[in-house]
Structure formats: structure tokens, C-alpha cells
Amino acid sequence: MPSWLPCRRSSTRESSMRYTRLLLQTVKEDPSDAEVVSHRLMLRAGLIRQVARGIYDILPLGLRTVRKIEAIVREELDAAGCQEVSLPLLSPAELWRESGRWDAYGPELLRLVDRSGREFCVGPTHEEVMTDLVRGNVRSYRELPLNLYQVDTKFRDEIRPRFGLMRGREFLMKDGYSFHVDEEDCRREYQLMYDTYARIFTRCGLDFRAVEADTGAIGGSGSHEFQVLAESGEDLILGCDHCDYAANVEKAELAVGEPGLFESSEPSEVSTPGAGSIEDVSAMLSEPAGRFVKTLLFVADDRGVAALVRGDDQLSEAKLKRALGATELRMAEADEVKKMSGAPQGFAGPVGLEIELVVDLRLRGATGMISGANRADLHLSGIDQQRDFPVAEFHDLREAAAGDPCPRCNGGSYQAFRGIEVGQVFYLGSKYSEAMGATYLDTDGNECVMEMGTYGIGITRTMAAAIEQNHDDDGIIWPPAIAPVQVLLLPVKWKDDDTRAASEKLYEQLLAAGVEVILDDRDERAGVKFNDADLLGIPWRVTIGPRGVKQGTVELRERRSGESSDLALDSAAQHIVAAVSEALAR
RNA sequence: CGGGGUGUGGCGCAGCCUGGUAGCGCACCUGCUUUGGGAGCAGGGGGUCGGAGGUUCAAAUCCUCUCACCCCGACCA
């Protein structure tokens with residue numbers, strides 16, 4: 001180092017982990033607009049700060065956790081043979097037009113125009129850009145398979161961001177894409193990624209479950225979500241209490257179930273003035289809800305369709321969308337209902353309806369049913385499915401619920417869980433490679449379309465999920481593997497010379513041993529420090545006070561269990577190093 | 001996009017109805033006393049009251065417009 005360089009600090013590394021040098025401000029009061037635990041605690045512990053709706057600064061301690069999660073993700077992916085790249089923040093509209101998603105994606109895609117009028121979007125995901133990269137670089141089957149990933153900031157202009165980092169507009173995501181010569185190899189990779197994801201979330205110390213999932217807007221034909229189990233989760237998961245089957249409610253299959261078999265007769269009109277809901281009609285006619293045919297009108301990609309389920313069943317829009325192969329699906333507006341059925345809302349029925357009918361499995365062969373008559377204030381009773389509204393195909397359209405029998409095994413039934421989706425793996429097939437011409441030459445020199453898979457992990461959401469699952473009334477309880485640091489040194493009385501000297505020495509020893517440690521060198525009262533320590537959730541706290549130092553001891557306390565033990569001052573560092581490395585090795 | 005709500009110092013809020021010198025708690029700075037689970041006293045710094053326009057002798061307060069943020073709904077990897 002040139003001698004003219006001023007050097008006030010002996011070591012930057014050392015001083016940055018002194019509390020008084022950290023950009024860290026804890027807050028006693030609850031932020032008024034934080035609804036969920038993770039959001040509240042992240043704000044209170046000074047990990048994040050909101051800049052705009054759904055957009056956050058991540059502060060030093062928060063970023064350390066983010067980096068920990070990233071490191072685990074990178075290690076496991078690299079070990080699985082993936083390669084990291086970095087794709088641009090902006091993607092040109094042409095690529096998205098090639099795949100058809102420029103129009104399909106909707107307002108969630110943030111679009112912008114550069115000074116010369118060219119259109120771009122801020123990448124919400126990178127299938128197009130990655131496929132473009134690979135088609136430009138890969139010619140031969142010899143160069144496949146390929147699994148490329150990046151860890152980058154994504155932007156999705158969410159309709160309603162909420163819950164802090166759980167559902168932000170800007171978020172850090174690891175997104176990976178794999179390219180293969182055939183489906184078999186792609187399925188193999190899918191399984192490899194599935195296993196890799198399970199290892200990643202296990203290493204992060206999370207209680208999660210991999211569940212079958214709907215493929216949504218990305219498309220493709222097979223998918224699992226990795227769900228961190230937590231009360232505040234936005235997703236509803238159904239899992240069999242008997243076998244391994246578990247799925248997102250959007251996907252959860254149902255056993256066929258009994259149709260409604262009531263006494264058959266000729267259809268006849270029944271006057272039902274003003275009774276437009278199943279509940280009302282059922283009460284008015286004193287008939288069970290299960291005897292009705294619920295007729296729901298939708299607009300699917302600009303055509304009208306009627307979805308039919310039994311009156312006591314709940315329609316799953318996700319299942320309907322899949323059954324129709326529609327990219328867009330919405331309930332019909334009042335005027336559209338009138339146009340399709342000829343009646344006001346609540347009086348539609350399958351008999352005589354001239355739009356496409358999509359019928360739930362449970363209505364196959366149903367007899368003696370009641371439905372709307374497609375005229376105001378009128379219902380039709382005595383309807384037989386086969387006779388009165390025959391259809392060629394039936395679909396699983398019901399939304400599953402806790403207690404429904406498991407479709408995969410005998411005797412099991414669904415239990416409901418709440419989950420936070422932190423990762424998802426997709427088998428994509430050739431949707432993008434075909435649209436964008438990602439091809440290779442096989443051994444015979446034939447041009448073939450690549451098979452693709454796509455795999456995502458929400459890094460910042462994983463951090464939030466970890467807090468949802470690991471906290472108590474006093475604050476965060478970080479799993480050691482993703483804690484900002486492992487150890488917090490807490491000198492009870494900083495002004496006391498012996499205490500300070502013992503703390504400084506321990507600090508040096510731990511740093512030298514490679515342990516991540518914060519030294520709370522604030523001249524604060526013990527209570528303040530203890531409370532902040534609990535709030536920050538550092539796995540181990542070492543309390544150093546005049547009393548103990550006089551006896552030659554310090555106290556080591558584990559945040560999660562609250563168990564503490566006295567350590568001899570001169571061997572304390574060794575014990576702490578041992579405890580930390582043992583926990584991290586687990 | 002529809003419905004509801006809130007903008008006053010870094011954070012949490014009062015003041016607004018009934019216009020008249022901008023307040024409280026936390027945090028921050030100084031000093032003294034305290035000190036093993038969110039101390040006490042004294043002193044201090046910091047706010048064009050989200051923004052623009054209007055009414056008025058006078059606007060945080062009344063009126064109009066606008067922006068931001070939050071909640072509920074539709075939507076969603």
C-alpha cells in the first residue's frame with residue numbers, strides 16, 4: 001500500500017461488523033402498514049425499507065441473508081451441472097412478439113420505449129432471451145443438454161403488491177432454463193432440478209412441500225411448486241393424509257364422485273321470482289343444493305362458454321381454463337350474460353343454451369336435476385343430463401377442498417395447508433423453442449426442435465418465507481444457514497474496561513476463526529441490546545458482562561431454544577466456533 | 001380498474017369538524033445520574049403540514065384539482 005494513503009482503520013472487514021458502524025436502525029413500534037409477520041419484522045429489524053409500492057431497498061443485514069440464499073442456490077445448481085449467465089434487464093419487444101407473449105402477457109409486463117422509439121420490456125422472466133441466446137449458440141446435439149441460469153432482479157407490475165417482499169413488484173429471482181435433444185432427457189433434467197430444489201430449501205432450513213401445480217401463463221405440461229408451509233401463505237395446498245399426493249388447489253384432482261341421481265321426470269318450468277342464486281332457489285323450492293346444476297357463464301378468449309358444476313360444488317377457474325385451453329378467462333358481465341342466455345344473471349341453464357358447454361365429471365348421467373330456464377324468474381326441474389344436455393366430454397372442474405377423498409389412493413383424504421411458493425419447476429416442451437426456432441442437428445443431420453424446461457426460485461421471497469416460518473413474539477429466529485451472521489457479541493456494559501477488553505478479544509478470535517460476528521459496541525443499556533438481539537434473530541448470542549468476566553465466564557445463548565450455558569472466557573471462542581460449525585454442517 | 005382509507009420532522013400519531021405563532025411519544029445530539037431484559041433529569045437540532053390552484057386580512061384546518069401510499073375485490077409466477 002502506498003504510504004501516502006491515509007489509513008484510519010486497521011481493517012475494514014473488522015470495523016464493518018461493529019454495531020456502531022452498521023447501517024442498522026431497529027424500530028420499537030410496529031409499522032402501520034405491515035400486515036404480515038415477515039414484513040413487520042423486516043422493517044423493525046432494519047432489513048428493508050420501502051421506496052415505492054412493491055419496491056424496496058435491501059439494507060446491509062438483509063442483503064447478507066439474500067447473499068446466503070443465493071450462495072446456497074449457486075452451489076447446488078453448479079453441482080448439478082448448471083451454468084450461470086447474466087441476461088439484460090431490458091428485452092426487446094421483437095423477442096416477445098416471436099413467442100407471442102408481447103400481447104399475451106398483459107399489463108403486468110412493464111413496457112417502455114427508448115429514445116429512438118424501440119419497444120422494450122423489463123424482464124419479468126427470461127424464456128425468450130434465453131432461448132434467443134441458445135439458438136444463436138447451439139448447432140449440434142453434441143452441445144446439448146444445457147442448463148443455464150441467472151440470479152437477477154425481475155419486475156412484474158403486480159396489480160396488488162402486498163406483504164413486503166412476499167409479493168413485491170421488483171424481486172430477486174433465480175431463473176434457469178434447460179435445453180435438450182428430446183423429451184426423455186428433459187424429463188431427466190426436470191427430476192434433477194426437482195431434487196436439487198429440495199436440497200436447496202432443506203439447506204435453507206425451511207419446512208416445505210413440493211406440490212403438483214398449474215402451469216399458468218408460462219405454459220408447458222408439467223410442474224411442481226415448492227411451498228413453504230406458513231399460515232400467512234397466499235396459496236392453498238391440498239395434500240393426502242394417506243399417500244404422497246399433494247397439489248395446489250388450482251391443480252388438485254378429484255375422484256369422480258357420485259352424480260346426482262334424483263327421480264327422473266319430464267322437464268317442467270318452476271316459477272322462482274327473484275331467486276338467482278343456488279342458495280335462494282334451494283331455499284325457495286326446499287331442494288338440496290346438490291340437486292341443482294350451477295351454470296356459470298364465462299368469456300374465454302372472446303368466445304362465450306358455460307361451465308356446469310353441481311350446485312353444492314365450487315368451480316375451479318384454473319381447471320376450467322385448462323379444460324378449455326384458453327389463455328384468457330373471465331366471468332361474463334351482466335350484459336354478456338343476457339346476450340348468451342337471454343336471461344338476467346342467475347337464471348342460466350344448460351337446456352337450450354346455444355354456447356359451448358363444459359361439464360364437470362360429477363354431472364355425468366345426473367338425473368332429476370334443477371337449473372335455470374334461461375328466462376327471468378324461471379327454473380327448470382326434472383332435467384336428465386343425457387337426455388337434455390348431452391355432451392361428448394366431461395372434465396374435472398370442481399375445486400377440491402379439505403375432506404375430499406384422495407384421487408390417487410384408497411382411503412386417503414385431503415388436508416388443507418397454506419403455503420408460500422418459493423420455487424417452481426416446469427417441463428416446458430417445445431413451446432418456446434418451436435416459436436423461436438431453437439433447433440439443433442441430430443446425428444443424421446436432421447434439424448430438430450429442442451425440448452425445454454424452466455426453473456425458478458424467488459430469492460427475496462424465500463427470505464420472507466423463512467421469517468414467516470421462523471419467528472416468535474420477540475423477533476426473527478434465523479435458521480443458521482441463512483442468518484446475516486452467526487454470532488452476536490453482547491457486552492452488557494461497554495464502558496467497563498474489562499468487559500470491553502474481553503469482548504474485543506473474543507471478537508478478534510472469532511473473526512480470525514472465520515466466524516461471522518457482530519459486536520454490539522453501543523453504549524446502550526443491557527435491556528435495549530437484549531431486545532435488539534432477539535429482534536435481529538442472530539442464532540447465537542454471547543453475553544459478556546463485568547460479573548462474568550470477573551469469574552472468567554461469558555454466556556452463550558441459542559436464539560431458537562433459549563438455552564444458555566456459561567463458557568470459560570479463555571476457551572469461549574473454541575466452543576462458539578464448534579457450536580456454529582456443527583450447526584452449519586447439519 | 002371498482003370500493004374504502006391515509007398523507008403533519010427518520011418512525012408512530014394528535015391538531016382539521018368550529019381558520020388566528022405547528023404539537024406529543026419514539027429515534028437523534030449534549031451534559032449529569034443510572035446500568036444483566038426497551039432508564040431518569042436537564043438542555044438541544046430537525047417539519048415550505050404530499051403537491052398545485054382557489055376562498056380569506058389570515059389556511060395543516062374550508063373548496064377544487066392532482067400525486068403518493070395503505071386496505072378490500074377482480075388478477076397473479
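Computed from a predicted structure; not experimentally measured. Side-chain atoms are counted along with the backbone in the values below, which use heavy atoms only and exclude waters and symmetry mates. Reminder, nothing fancy here: chain letters follow the sequence lines and each chain counts from 1.
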A:R160 has a side chain; which of B:G37, B:C71, B:U35 sits nearest to it?
B:C71
Base B:G12 to side chain A:D30, donor-acceptor N/O within 3.5 Å cut-off
no
Working to the nearest 0.5 Å, report the span between CE of A:M463 and CG of A:L63.
8.0 Å
Which part of the nucleic acid does A:R162 contact within heavy-atom distance under 4.0 Å: base, sugar-phosphate only, or nothing?
base
Looking at RNA chain B, which of residues 43-53 of chain A put a heavy atom within less than 4.0 Å of it?
A:R44, A:Q50, A:A52, A:R53
Would you mind classifying the nucleic acid contact of A:G548 as base, sugar-phosphate or nothing, using non-hydrogen atoms under 4.0 angstrom?
base
Do any N or O atoms of the protein come closer than 3.5 Å to N or O atoms of nucleotides 25-28 of chain B, and which pairs are they?
from	atom 1	to	atom 2	distance (Å)
B:G25	N2	A:E29	OE1	3.0

Side chain of A:E317: nearest nucleotide among B:G73, B:C75, B:G36?
B:C75
I'd like to know if A:D497 and A:R500 make a salt bridge, using a cut-off of under 4.0 Å between side-chain N and carboxylate O.
yes
Between B:G37, B:G12, B:G36, spot the one nearest the side chain of A:V492, thanks.
B:G36
Considering just the side-chain nitrogens and oxygens of A:T543, establish if one lies under 4.0 Å of OP1 or OP2 belonging to B:G36.
no
Do the side chains of A:E317 and A:R330 get close enough for a salt bridge, i.e. N-O under 4.0 angstrom?
no
Across the strands shown, which category fits A:Y455 at heavy-atom distances under 4.0 angstrom: base, sugar-phosphate, nothing?
nothing
Can you figure out which of B:C1, B:C72, B:U34 approaches the side chain of A:R525 most closely?
B:U34
A:R156 to A:F171, cation-pi by 6.0 Å centre distance and 45° axis angle:
no
Just call it for A:D33: base, sugar-phosphate, or nothing, with non-hydrogen atoms closer than 4.0 Å on any strand.
sugar-phosphate
Please check if the distance between the ring centroids of A:F226 and A:Y197 is under 6.0 Å.
yes
Have a look at A:G545 and say if it touches a base, only the backbone sugar-phosphate, or nothing, with a 4.0 Å heavy-atom cut-off.
base
Which nucleotide wins on minimum distance to the side chain of A:R547, given the candidates B:A39, B:C1, B:G36?
B:G36
